[in-house]
Structures are given as C-alpha cells and as structure tokens.
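Only one structure is covered here, and it is reproduced in the block below.
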Amino acid sequence: MSERRYQVLPPDRAADAVETELLARWREEQLVARSLAGRPGAPEFVFYDGPPTANGRPGIHHVFARTVKDLFSRHRAMLGYHVPRKAGWDTHGLPVEIEVEKALGISGKQDIERIGVEEFNKRCRESVWKYREEWERLVERVGHWLDYEQPYVTYSNNYVESEWWALRTLHDKGLLVQGHKILPYCPRCGTTLSSHEVAQGYEDVEDPSVYLALDLVEPPQRVDGNPVTVNGLPATTALGGKPARRRIVVWTTTPWTLPSNAALAVHPDLTYVEVKKNGRDDWTLLLSESRAGAVLGQEWESRWEVVGRFTGRELEGTRYRRPLDWLPFEDGEHEVIIAEDFVTADDGSGVVHMSPAFGADDYAAGQRRGLAFLQPVNARGEFPAEMPVVGGKFVKDADPFIIEELKARDVLWKAATLTHSYPHCWRCRTPLLYYARGSWFIKTTAFRDRMIARNKAVRWNPPEVGEGRFGSWLENNIDWAISRDRYWGTPLPVWVNDADPTEIDVIGSYAELAEKSGRPLPADFDPHKPYIDAYTWPAKSGTGTMRRVREVIDAWFDSGSMPFAQWHYPFENRELVAAQYPADYIAEGLDQTRGWFYSLLAIATGLGDALPNNADPVKPGDAAAPYKAVVVNDLVRDAKGLKMSKSRGNAVDPWSVMERHGADAVRLFLVASSQVWTPRNFDESVIREGAGRFLLTFKNVYKFWAELANFGWAPSADDPRPDDRPALDRWVLSRLAGVEAEANRQLLNYDATLAARAVMTFVDEDVSKWYVRLGRDRFYDVTSPDNRAAFATLHEVLTVSCRLLAPFAPFVTDWIHRELTGTSVHLADYVRPSPFPVDAALDAAMSDVRALATLGRAQRETVGIGVRQPLGELVVFPLLRDLRFDDSLTGLLAGELNIKSVRVATDFAQIGTAEAKADFKVLGKRAGKDMKLVAAAIESWPAASVLEVYFGASVHVTVEDRTYAVGPEDVKVTLRGVATDGRWAVALDTIITPALRTEGMAREIVSRVQRLRKETGLAVSDRIRLLVAGPAEVHAAVEEYRSWITGEVLARDLVLSDGISENVGAVPVELDGATAFIALTREG
RNA sequence: GGGCCAUUAGCUCAGGUGGUUAGAGCGCACGCCUGAUAAGCGUGAGGUCCGAGGUUCAAGUCCUCGAUGGCCCA
C-alpha cells in the first residue's frame, strides 16, 4: 500500500494565493511551452490571436476575450492537437499617435510636423510598449496560455515587408487602385479630421437654405430613351393644350456645391406630386407630397392642384437641367434623377442634390452609378480663379454670389437661412468641408462575391452574426480605403513619378527597394517615415523622379495580414504557413465584425492563391479561409447593465477582481453565466455566489475524499474493477462518462457555456449532493472492497472532472489533479480512451430513486417525523402506465430515508385517497343543466374510479336517462395522504413501534455524541471514553445498540450510569420525552 | 439618423417548429440534518414574460408600433 499523502486544499485559502503559486510552478516547469509544443506527431489545430494595442491598460473585457480564446485552445490541446498560439501586438495607427500627442502636449498634424516626424515616430515606437508588461502579466494571470516567446509585432521590419509583398501582389492583380474618399477636411489647417475630432467640433450655425426649381427635360425620357409612363399612360404634362414647363424642387444648404451637381436623388418609395398653381396652366412643380406643406405653405392644397402623382422609383431615369453649367462634364452620367434609400422626407423637398465630390452618400451613389465627378475646389477651399462669378473665392463666401446667379437664371424657388448643427475644426473653428481626397483603395468590390462565398463557409458562433451583421456588411461592401495621411504606420509602398503621375512602382520587398534605389539598405534600415521617403530613383521612362506617396496605411491592414506577416511569409517559413493556414478558429469581440474579421477576410480573399490553401472558389461546406470558425463574444457591462467607461467611473479593474475571486471563478462566471455572444453584467456578488460557490463545493468534495483517503487508501490492483462495484459507484461512473462526452461534444461545437454548465451540474448535483451524500460512510474505512470501490470511484470522478473543467478553471483543477495523479491536468487527455460506459437503465433508475427520496422527505415533513427516527415502510405507487419501480436500488432509498423497507403498492387505495372535482368550465358546456348533478356524482366516485380517469380512461355518469362520458380533461384530481410529483405517489408507514423507538433513540445518542466530539475539538480519529446516564428507556437503547454506538463514535469504553450524572462536563440531551446526560473524555 | 441584439421571479439564466398550471440555480422565509460543516436536505413565498396593438381556436413564442439598455455605422 502506498504511503502517499494527499494534500488538502483548505477551503479558506485565498484563490489568489493558490493561483499565484501555481503560476510560479508552471513557469518553473515551462508548462506553457510544453503545451505549446504539443505531442509528437500531433495534428494541427490553429488559433490566430487578434493583436491588442498595448498602449492602454487592459480591462475586464479583455479577461473575457482571453478566457474564450484560451479555453478552446486548451480543450484542443488536451485532445492531443498541436495548437499554435502566437501572441501579437498591434502597434501602428491613430490611437498610438493620439497617445503620443497627449504625452507631448501637442495636437494635430502641424504640431507633429513642427516637432519632426522622425522624433514623433520614435515616440510612437516607444509608446506602444507603455503597458506591455501589464498586458503580459494579466494574460498570464488569467491563465491564457499564449506564445509570448516570439510575438509578432506589426511595426517590425519583417512584418512590414510581408505587408509590402501583399500590397504588391494586390497591385499586380489590379486590386490596389487610386480613387477618392470623402473626408471631413479643414481648409484652413489643410488636414482631414478623424471622426472623433469631428465629434468635438459641432456648432450651431446659420447656413443658407436654398430651394431650387430645376427644369425637367421635355419630353421626359428615361435614360434608355423610352418615355416615362405612369400606370401605362404617358406622363408628359400638357396643361390648357400647350406644353407646360415642368420643374422639380431641390433643396440644399451648400449652394457652393451646385456647380458640381451631377444628379438628383429621390427615395424609391416616397410619393411625389406634380402640382400646378390655381389659374396658372403654363408650369408645374414636382416634389415630395409630405414636404409640400413645408415648401408651398401650410394650406397649399387650397392654392395648388395636384395634376400627377409618382413614386420615386417611377421618377428614376428622368432627365433635368442642372442649375449652373460653369464646368464641362467630361465623363460619367449626369443630369439624371436617381432613386436612393438614403433620401428622407424629414426636411427639404424630398429631392436631394448630388455632388459626388462633396458628400459621402453622393460619392457612394456616384460610384455605384458612374456619375460625373466635378471637384472645382482646391485644398484651401477656394474655387479656381478662372471660374465665372466665384473664381478664387472661399466656398462658404461664395454662397451669396451663387444664390444671386441662381436667381438670375430663374432656377431659384426660394432662399432662406437655416440654423443647424454643423461640424467645425475643433482647433480653428473653420467649418469643415466634406471633400473628396485622393486615396488608395483595395478594390474589394471586385471580389465581394468571393468574400461572401468564403463567409458562407465559415462556422460562425453565433450563426446570426455571420449571416446578419457581417453578411449584410459584405453585401453592401464598398472599396476599402487603406491609405491614411498620417505618420505612424506601415508606409504605403507606392512610388510615383513626380513628372508623370501615371508611372507607378509598387515595391514588394526590401531587396527590390535596394535594387530600385541603387544602393544597399543600411543595417539599421527602418521602413517607417520619414526615412523611407528619402528613397527615390530616376523614373524608368527617363524623365522625372520616383518618389514615395506620403501616406501610411490603415492599421487594420496590419492586423489582417497576420496569417502570413507573423511568419515573414513569403520571405521565410513557407512550409510553416502552409501548415498553419487557414486558422481553425479565431475568437474576438463583436466589435471586430467590421474590424479584424473583415480585414482578415478581405486581404486573404484579395490575395487568393498567393497564399497556401487559399484558392477560390470556396463553397459552403468547404474549409473556409482565412478562418474556419469564429467565436464572437459580446461586451462586459457593469452590474446594472450599463456600459463600462472611464467617464462613468464604473470600469472594473481586472487585478482587484482577480485578487478577490481568483481567475478560476472569474473565468467560470464569464463563460457559464450566459452564452459568450450575449452581453453580460459584471456583478461580483454573482461571481461569489455562482462560480465561487461552485468551486468551493468542488474543493470540498476533494477535501472530503483526500482527508479520508489519507487514512491509507491509494489506487492499487486491490480496488474492485468498476463492473464489480456497487450500483452507486457504477451509476456515478456512468454519469461521468455521459458528462465527459457531452462536455467534449459541446466544446467541439464551440458552445463553452453548455459544456461548462454540464460539468458544473454534474459535480454539484450528482457528485456532491447525491453520490457523496449517500456514500459518506463508505469512506470511513479504507480496507474493505466496498471502501476501496468508493475511494477508487470518487478518485476517478474527481480526476476526470478536473480534466473536464480545466479549460474553464485551469488553476484549481491543476492543483487537485496533481494531488490525485501526480501530473498536471493540462498534459492530460480531455476524454478517456475507454471510460466506464454509460448505463442508461441505471441512470433512469437512479433518477427515480432521487425523485422518490425527495417525495419521502416531503412525506416526513408532512407527518412531522424527523429523518433520525427510523420508520418501517415506504410505499410507492407509479402514476404513469409504463412506470415500473426498479428495486435494485432499494437499499439506497431506504438508507436515505431511514426506513426498513420499500414496497410497491398494487392499488392506490392502499396508500391514499383520490378525489375528483368536475371542471365546470369544460364540462359545463356539455352537461348544461345537469351540471350540478354530474359534479356531485364525480365527487362521490371511489378512489378506483378517480384513478381510472386519472390514467386517461372515461367514466360514464348517468343523470336520469342522460349519460356523460367524463374524461381526464373534465376533472381535477387531488391525491391525498401521499406525496406526489405526478409520476410517483409515496406514503410512509408512520407507526413507531417500540423497537423503532429504541433504535431512534440510539441514533439520537450517536448524533449528540458526534456533535459533542466536534464541539470538544476532537480529531475525527480520536478515541473516547463515553458515559451515558438517563432513564431506563435510554439504558435499554444503549444496551441494545452498544456495539453500533461505540463503533460510530469511536468509543473504547461506554459506561452506563443511573440517575442524573454528576460527572463534570456531562451534557443534557432531550430524547423524545426522555432526558439523558452524556459525557465523554478523550482516550489517551 | 440608419441597422442589429436584448428585455421572462430580487439576481443570473432556460424556455426547437405557437399548445395543459411559464421553469432552474442563487438569494429570501420556515423547517430538517449535523465529522464534507464558511457544507448538506426539504418546504414555501416570489411573475403585468418591457408596453400597446394585431394575427390565431390558442402568443413568452409570430407581425406592427413604441420604451429602455447595448453594439455597429453615419
């Protein structure tokens, strides 16, 4: 027999301390590295880690995301996969620049230029790491096992070079193109503003509010040349026999954009009316019906007559004449009405002027429809000098001149002013212009369908995010503007001839850069601005110099390139990437839908077969690239369901939470409380009472087992084989196998919540509240086969439970698993190769026993006899036709309820009575005036009839000559004298015979002695001398059960005394009417 | 302003395709048990299923509108 001692984990030991100790142990054993290395010959299961930016403190929501990422990886590693998990850092982009601006006390591009890009970017490079250490510590503390030995860093030279390769590849495929993007722009500062800057600068200002009336071109024609018809009739209006002048009313608050008008937009589903003024037959106006009152006056219907009615869709294609013809159209569609969903009837005329160079909606519509693009405004916000009327003027100053010109041209309907909120430059208060800026795009619309096809092959969890939010985002895809006119980012590797902007070199590697520039790169080569901009070379065409464009790229391109850039592909590691692409799964927050989830997909789809295992087409059911499965997690909100934010002051510090509850409890709470893709409220009391309490129970079960096993049990060949163990053991092993399979199945299915709940319910309900509860006394000795069976069984249950819980609570499970087996849980198998099999019949029988035990306890409650008093018989009666009592578990039921036997009644009348009452509502409809008599008849039924009906039969009730068939739905049955759950009815034989009373008394004495032992502070194994005094009844009980009592309380000696004891320390005990005194002393 | 998600007991959550009296755990009250004890068991109270309309023989479930909270995008 082994002398091994099992350490006990004190329940009051702080989780934080235990976990911290384990972390040190893991470090010492290099356990993370061993798990990462995988087992020899293990198949790959690839996880991609979305890189965080380390220039902010990690928050509790990061703990959530880390838990989700970790648990699936851990599960797969335990299943025997090699799970590569390379950590990464997102290091470029505006957030970093803003952080540095704040640190330097500067703001805006002019300040940056003044300090110098070299210095600024140096600061950015350093700033990225401000919180790195805290990040790494937290990731370690929460137990996210990740490869931090060689993390990928998006600013590193290798990473940038891989991105250059990707951009060059996209360019070669014609997918990296120049275009325009509408951006808020400050003409005074000469800079575009980011959205959060725009949000800071809204001010109420007075702007022109101009209604134009633009001539429709007669006869109205569609673009295809066919006449416009309404309900089959020509829509041409002829009033009073002569052709009418027809005009459409258009509203704008930016008259300066009218010279670049290219189209008018209406809403397809809005109703537009054509109206003529009373008495005027020579002209009409067209506008949205719901805006007519606002444009024509409240009581317009008394002054205007509706002569036509159209939906916006019907107007589509109609041509009109633009208000100002200063600029020639070069190419593109123009002067046409289009129907667009973004048009509203909230203001204006329901007809919107479209100027693709000066509005985001306008631009997008222009792209979709191929509209002409006129941009007669320079970077200072001025019209070109050669423009008529407004040449050289700042656009906002030009408004009055334009209004005058409109009036002169007879296209002005009315001009007023409007006070509204408009964005201004937060620095100089200049009104911002929405302005089309030259920009570089990845032409994602060219491969949108392929992205959609790939997305359909991705296994989304939950599916609706992939189909809905992400799917519709892809359906409405627009080209990805990847250039940023900023400083700290991957430089766009595009060189343009300064003499001929059509001559372009896109550089795909550093070697190519060296070759083009004609000199080797220095040892300390830095591809960032400003250094990179010094690389120039003579244009191939002979005239001009190739100079790099000024822009850097969107940091989302960085993170989306990680599948290949993290390995410096294709310059190195080709085989590695071939083995580790695509990812089997990724897991990030819902906010990444349009972020990382998209950038990964867009880049991978654009690159196509330039990446391994990545060729199109991808069909549903294929392994999708770049990720086969996604698990989305939602936000963590505060305890009241409000968003956590610095300004609210309700953000939770993960470290203090970790200290109070431990990572296990926090992880378990985050995963088990609800599906990870729903938002959860972070409430520490819920952690304590839910996950915390569960872990306490788990530790308690182990503690119970370990303390008793330390009396000399250790696994050995002497333990009975599972098949030879008692039913209780076989039952819990069967349940264990079921839960093992279920947890594994759910995790493979990416449902962490159901997996965790299945295991937790098993441990709590089946193991703690039933198996241990019923089998406690089997652990009080270690030698008999029954003892050995119990120890071996619970050892197995605890060991496997540790494994099943390890992905969720990696700390305490490892601690206990090491005690149980001597090895780390994290190197163990998640599922056993050949577990004791599920025994469905046994599961069902036990389930019945548990139900009957509950009913039996309820009956004891009802009859007022405590469990300590033994009773003779429990009678059970099945209330369902196919229900049979399986008597193989009778012993367990009898023991639990402290009864001598269990009997199955053959007739319900043996145990109780049944009454039926008519349901007046149901029966009344049929019985009518006989109802009272029928009801009386039903109430007088014998129990047998009631039971017949209860079981579904019909009983005939005859009143005079009328007969009614009364079925189960017509009556309400009440069972009396029994406890019932609808399946079973049970009754207790409540007669306490003298023998039972004596036995009850003996049990009472044992109970009191045990309590006294404990109060006295004796160890569980201490032996005692016992003295009992009391009336004859007590003496009789002690004499009869002497050996049982001494065995239970470990008494070497039991002395009976007459009368009331005078022994020091004697304690009075009330025993069902008799008073006894007991005293005990420890036996040396 | 637009799109999406959520709202069920004090709290955290279940409630395929509409179908009997809407469930569980925790908490609470009362009782039991007493060497797993900072545990265990039972009983009970607790519900306007966010609101208002609608569809239906029948709505927590489907539809419409609205409220609140959240996310994304303008």
Side-chain angles (χ1 to χ4, degrees), chain A residues 8 10-12 195 198-199 341-342 344 346-347 360-361 364 462 464-465 467-473 476 589-595 632 634-644 669 672-675 677-681 683 685-694 696-708 753-754 757 760-761 764-765 767-770 772-774 776-777 779-780 853-862 864-868 896-898 919 922 968-969 972 979 982 1006-1015 1018-1022 1048-1050:
Chain A
V8 170
D12 55 349
S195 58
V198 174
D341 286 334
F342 59 77
T344 72
D346 297 340
D347 45 28
D361 284 336
E464 58 267 24
V465 172
E467 288 160 21
R469 187 183 278 235
F470 195 56
S472 56
W473 158 254
N476 297 314
L590 188 58
D591 54 347
Q592 293 299 320
T593 309
R594 291 167 190 194
V632 178
D634 207 322
L635 285 200
V636 179
R637 306 185 301 208
D638 75 2
K640 294 187 195 110
L642 296 174
K643 184 186 180 178
M644 288 186 187
F669 159 77
S673 61
S674 63
Q675 291 292 354
W677 43 81
T678 61
R680 69 234 322 87
N681 298 353
D683 187 337
S685 67
V686 174
I687 297 177
R688 200 165 38 245
E689 284 154 16
R693 184 178 290 262
F694 166 77
L696 183 64
T697 299
F698 188 58
K699 285 184 274 189
N700 259 324
V701 173
Y702 165 73
K703 178 179 172 237
F704 169 80
W705 178 90
E707 279 177 341
L708 295 166
T753 305
L754 289 187
R757 285 180 180 174
M760 289 167 79
T761 304
D764 196 35
E765 297 290 323
V767 179
S768 170
K769 289 181 180 170
W770 195 248
V772 172
R773 175 181 160 76
L774 256 61
R776 264 202 302 262
D777 54 7
F779 295 88
Y780 295 156
T854 296
L855 293 173
R857 285 190 214 103
Q859 265 307 80
R860 275 194 175 268
E861 178 88 7
T862 307
I865 302 174
V867 178
R868 225 175 293 137
E896 173 64 12
L897 291 172
N898 195 17
D919 186 330
V922 179
E969 67 280 5
K972 294 202 162 138
V1006 167
S1007 158
R1008 299 312 165 107
V1009 172
Q1010 297 288 38
R1011 198 186 306 177
L1012 198 57
R1013 281 183 61 111
K1014 194 171 154 192
E1015 284 164 11
L1018 295 181
V1020 177
S1021 54
D1022 284 341
E1048 286 293 304
V1049 304
L1050 301 182

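To find a chain, count down the sequence lines: A is the first, B the second, and so on, and within it residues start at 1. Just so it is clear, the values below take in all heavy atoms, side chains as well, and ignore hydrogens, waters and symmetry mates.
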When the C1' atoms of G1(B) and C13(B) are considered, how many whole Å apart are they?
-> 34 Å
Between R688(A) and G27(B), does any side-chain N or O lie under 4.0 Å from OP1 or OP2?
-> no
Would you kindly give the CG-to-P distance between D683(A) and C13(B), to the nearest whole Å?
-> 10 Å
The Watson-Crick or G-U wobble partner of U61(B), with both key distances under 3.5 Å, is none
Taking only side-chain nitrogens and oxygens of S674(A), does any of them come within less than 4.0 Å of OP1 or OP2 of U12(B)?
-> no
What integer number of Å spans the P atoms of C65(B) and G3(B)?
-> 10 Å
Is there a donor-acceptor contact under 3.5 Å from the side chain of R757(A) to the main chain of S673(A)?
-> yes
note: R776(A), atom CZ; G35(B), atom P; distance rounded to Å ~ 8 Å
Taking any strand in view, what nucleotide pairs with C33(B) in a Watson-Crick or G-U wobble way, both distances under 3.5 Å?
-> none
Tightest non-hydrogen contact, residues F669(A) and V686(A), listed as CE1-CG1, 3.7 Å
Where A853(A) and W770(A) come nearest, the two heavy atoms and their spacing = CB-CH2, 3.8 Å
For C28(B), the nucleotide meeting Watson-Crick or G-U wobble distances (both under 3.5 Å) is G44(B)
So, for A706(A) and V8(A), which heavy atoms are closest and what is the spacing to 0.1 Å?
-> CB-CG2, 4.1 Å
Of the candidates U43(B), G35(B), U12(B), the side chain of A858(A) sits closest to U43(B)
Taking CH2 from W677(A) and P from A6(B), how many angstroms apart are they, rounded to a whole number?
-> 13 Å
Hey, does F669(A) reach any base, or is it just sugar-phosphate, or nothing, if we go heavy atoms under 4.0 Å?
-> nothing
Nearest-neighbour nucleotide for the K1014(A) side chain, A14(B), A39(B), G35(B) considered = G35(B)
With a 3.5 angstrom cut-off on both distances, give the Watson-Crick or G-U wobble partner of C13(B), or none if there isn't one.
-> G23(B)
Interatomic distance, W473(A) CH2 vs G3(B) P [rounded to whole Å] = 17 Å
Touch check for A853(A), heavy atoms < 4.0 angstrom, all strands: base, sugar-phosphate only, or nothing?
-> nothing
Take the protein atom CG of L754(A) and the nucleotide atom C1' of A24(B), then report the distance between them rounded to whole Å.
-> 14 Å
Taking atom P in both G18(B) and U12(B), compute the distance separating them and give it to the nearest angstrom.
-> 29 Å
Using a 4.0 Å heavy-atom cut-off across all strands, classify R1013(A) as base, sugar-phosphate, or nothing.
-> base
Sugar-phosphate, base or nothing in reach of L708(A), heavy atoms under 4.0 Å | nothing
Atom CZ in R1013(A), atom CG in D1022(A): separation rounded to 0.5 Å?
-> 6.0 Å
Please determine, for C49(B), whether a Watson-Crick or G-U wobble partner exists with both distances under 3.5 Å, and give it or none.
-> none
Is a donor-acceptor pair below 3.5 Å formed from side chain T697(A) to base A39(B), judging by atom type as modelled?
-> no
For G35(B) and G23(B), measure between their C1' atoms and round to the nearest Å.
-> 36 Å
Expressed as a whole number of Å, how far does the C1' atom of C72(B) sit from that of G10(B)?
-> 33 Å
Given V1009(A) and E1048(A), is the side-chain contact (heavy atoms from CB on, under 4.5 Å) satisfied, shown in steps?
-> CA-CA 9 Å; V1009(A) 172; E1048(A) 286 293 304; over 6 Å; no
Is the shortest heavy-atom distance from the side chain of Q859(A) to the side chain of L897(A) under 4.5 Å?
-> no
Rounded distance (nearest 0.5 Å) linking atom CG of L1050(A) with atom CD of Q1010(A) = 7.5 Å
Atom CG of D777(A) and atom C1' of G35(B): how far apart are they, to the nearest Å?
-> 12 Å
May I ask you to say what V686(A) touches in the nucleic acid, namely base, sugar-phosphate or nothing, with a heavy-atom cut-off under 4.0 Å?
-> sugar-phosphate
Which nucleotide in C26(B), A36(B), A14(B) has an atom nearest any side-chain atom of R693(A) | C26(B)
Between C11(B) and N681(A), is there an OP1 or OP2 to side-chain N/O distance shorter than 4.0 Å?
-> no
Nearest-angstrom distance from the residue atom CG of D361(A) to C1' of C73(B) = 12 Å
Just call it for T678(A): base, sugar-phosphate, or nothing, with non-hydrogen atoms closer than 4.0 Å on any strand.
-> nothing
Does the base of G40(B) carry an N or O that pairs as donor and acceptor with the side chain of R773(A) under 3.5 Å?
-> no
Euclidean distance for P, U68(B) against A59(B) (whole angstrom) = 28 Å
Give R1008(A) one of three labels, base, sugar-phosphate or nothing, depending on what nucleic acid heavy atoms sit under 4.0 Å from its own.
-> nothing
In whole Å, what separates the C1' atom of C28(B) from that of C11(B)?
-> 12 Å
Atom P, compared across C41(B) and G19(B): separation rounded to whole Å = 33 Å
Rounded to the nearest angstrom, tell me the gap between atom CZ in F779(A) and atom P in G35(B).
-> 17 Å
Nearest-nucleotide check on RNA chain B, V767(A) vs Q675(A); residue mapping nearer the 5' end is Q675(A)
Would you say Y780(A) reaches A36(B)'s phosphate, i.e. side-chain N/O to OP1/OP2 under 4.0 Å?
-> yes
Below 4.0 Å: OP1/OP2 of U43(B) and any side-chain N or O of R857(A) | no
Judged by nearest nucleotide, the residue sitting upstream toward the 5' end of RNA chain B, E896(A) or S685(A), is S685(A)
Report the base-pairing partner of G69(B) (Watson-Crick or G-U wobble, both distances below 3.5 angstrom), or none.
-> C5(B)
Would you find a donor on one side and an acceptor on the other, under 3.5 Å apart, between the side chain of R773(A) and the backbone of E896(A)?
-> no
